[in-house]
There are 2 protein chains.
Amino acid sequence: MSRWGMATRRSDALSQQRIVAAAIEILDADGEQALTFRALAARLSTGAGAIYHHVANKNELLSAATEEVVGAVPGDSILAVALGLFDAIDAHPWAGAHLTREPGQDAMLAIYESLGGRLPALGVPERAWFDAVTVLANYVVGAAWQNAANGVEAARRRDTDRAAVLGAVADRWSADPERFPFVHAIAGALRAHDDREQFAAGVDLILAGILSISDQ
Amino acid sequence: MSRWGMATRRSDALSQQRIVAAAIEILDADGEQALTFRALAARLSTGAGAIYHHVANKNELLSAATEEVVGAVPGDSILAVALGLFDAIDAHPWAGAHLTREPGQDAMLAIYESLGGRLPALGVPERAWFDAVTVLANYVVGAAWQNAANGVEAARRRDTDRAAVLGAVADRWSADPERFPFVHAIAGALRAHDDREQFAAGVDLILAGILSISDQ
DNA sequence: ACCTGAACACCGTTCAAGT
DNA sequence: ACCTGAACACCGTTCAAGT
């Protein structure tokens with residue numbers, strides 16, 4: 001064996017990294033239900049059982065894939081980070097689904113850090129940090145996933161775009177003004193709204209609350 | 001046949017209502033993964049296929065069960081409604097999981113209505129209603145589900161209580177102060193905190209933001 | 001040590017056959 | 001019309017057997 005024998009190996013040898021990369025390709029191309037160990041093994045030209053030598057189970061695989069696409073979103077401000085997460089979840093809806101399915105996972109840690117890390121510099125007192133970042137993170141992930149789910153729904157119904165999906169939701173919201181007067185009142189705003197802009201307005205509302213609490 | 005023949009029938013005849021009630025019993029007793037059509041059919045002394053005459057599929061069944069336990073939470077104020085939802089999701093964690101899995105579902109409509117319906121009386125201008133209720137609903141459902149998931153985790157590890165679970169999370173948050181300085185800084189607050197009280201503080205923060213935006 | 005792929009123990013859903 | 005329960009078309013995961 002040559003002296004670089006160890007370095008070359010089989011060039012297609014399995015690894016966590018290659019498995020997660022292949023999983024992300026499947027998830028992005030065909031959605032969450034397309035990710036099965038059989039499909040993943042086929043794409044990696046191996047057996048389904050081989051994957052278990054590198055990832056413990058499907059949940060860990062999804063967590064690793066989620067960390068890959070939402071970890072370390074850059075941004076100079078809380079709003080910039082929030083919009084970065086919004087875009088990442090819009091591009092990878094399955095990551096939004098996984099983040100909400102497992103609230104305590106490691107990927108959430110990175111989100112807490114990148115959103116909350118800017119609070120001290122804003123002059124927010126330490127006693128408010130925990131509440132502030134909890135509200136921010138829950139809103140950012142929840143609203144981004146809600147938006148991404150609308151995109152998935154629009155893709156599922158091949159004949160409609162995202163505006164049509166929102167219109168359909170607005171119709172449903174308007175359907176029962178007696179039981180749901182408030183929802184009926186905001187249905188128009190839903191129909192007219194721009195997802196990303198509205199998302200940013202929500203972040204601003206929370207920031208206003210944080211600063212208002214801080215002054216007390 | 002007697003003249004009350006129609007009214008009596010088989011007393012155990014299937015119906016949406018009975019199926020949903022049985023599903024909730026299974027979900028509350030043994031958790032989400034225990035709800036299978038076979039287990040449900042066994043509890044109802046029928047065949048699995050019979051259920052499909054009354055509910056379209058498992059997703060619809062979960063949606064109906066979720067509406068049952070989080071629909072129409074009473075409360076005089078936004079905080080009271082929010083705490084009612086917190087308690088409902090704490091008592092039925094699977095409902096929290098389902099609400100976050102399907103953001104656009106009907107049960108969410110009721111939540112928007114009960115949380116947002118109090119905004120007009122607070123003097124919040126109509127242009128702020130949509131943002132305000134979106135932030136509120138995402139925080140309430142997200143944070144309540146996060147809390148409930150901690151309870152599920154505590155139950156799963158039979159030897160620990162909820163405080164121990166939070167302590168373990170806090171340990172994880174403290175583990176890497178270089179990469180996660182902010183998370184490290186708030187780990188202490190997590191360990192010490194009271195879930196329900198902290199949840200209420202988050203609602204207050206959002207309400208402060210709503211009122212601050214309203215004054216502009 | 002890593003890989004293979006058949007086998008196991010399940011699922012949700014369908015559907016011919018019954019009442 | 002409603003119910004029955006076997007059958008279908010899958011899953012994630014395990015594990016004996018290979019290299």
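Since this is a predicted model, take the numbers as computed values, not measurements. Note: hydrogens, waters and symmetry copies are ignored here, and every other heavy atom, side chains too, is used.
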Side chain of A/Leu14 (C-beta onward), nearest among C/dC3, C/dG12, C/dT13: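 Among the listed nucleotides, the one closest to the side chain of A/Leu14 is C/dC3.
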B/Ala48 side-chain proximity, nearest of C/dT13, D/dG12, D/dC3: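 Nearest to the side-chain atoms of B/Ala48, counting from C-beta on, is C/dT13.
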[X] has an atom [atom1]; how far is it from atom [atom2] of [N], in whole Å?
X       : N      : atom1 : atom2 : answer
B/Ile19 : D/dC2  : CD1   : P     : 11 Å
B/Leu44 : D/dG5  : CG    : C1'   : 15 Å
B/Leu62 : C/dG12 : CG    : P     : 10 Å
B/Leu61 : C/dC11 : CG    : C1'   : 15 Å
B/Leu40 : C/dT13 : CG    : C1'   : 14 Å
B/Phe37 : C/dT13 : CZ    : P     : 5 Å
B/Lys58 : C/dC11 : NZ    : P     : 8 Å

Has A/His54 got a side-chain N or O lying under 4.0 Å from the OP1 or OP2 atom of C/dC2?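 No, no such contact exists.
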In terms of the angle between their ring planes, are B/Tyr139 and B/Phe199 parallel, tilted or perpendicular, with boundaries placed at 30° and 60°?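 Judged by the thresholds at 30° and 60°, the geometry between B/Tyr139 and B/Phe199 is parallel.
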Can you tell me the pairing partner of D/dA6 across any strand shown, Watson-Crick or G-U wobble, with both distances under 3.5 angstrom?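 D/dA6 is paired, partner C/dT14.
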Mind checking who D/dT19 pairs with, Watson-Crick or G-U wobble, both distances under 3.5 Å?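 Checking every strand shown, D/dT19 finds its partner in C/dA1, with both distances under 3.5 Å.
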How about CG on A/Asp194, more than 12 heavy atoms from neighbouring residues, nucleotides or ligands closer than 6.0 Å, or not?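 Enclosed.
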With a non-hydrogen cut-off below 4.0 angstrom, is A/Ile51 in contact with a base, only sugar-phosphate, or nothing?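 No contact.
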Pairwise 5' ranking along DNA chain C for B/Arg38 and A/His53, keeping only the more 5' one: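 Per heavy-atom nearest nucleotide, the more 5' residue is A/His53.
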With nearest nucleotide decided by heavy atoms, which residue, A/Gly49 or A/Gln33, maps closer to the 5′ end of DNA chain D?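 Closer to the 5' end of DNA chain D: A/Gln33.
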Does the side-chain contact (heavy atoms from CB on, under 4.5 Å) test come out yes or no for A/Gln105 and A/His98, once each step is laid out? CA-CA 9 Å; A/Gln105 70 190 285; A/His98 189 67; 3.1 Å; yes
Are B/Tyr52 and B/Phe37, when compared by the centres of their aromatic rings, separated by less than 6.0 Å?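 Yes, the ring of B/Tyr52 comes within the 6.0 Å limit of the ring of B/Phe37, centre to centre.
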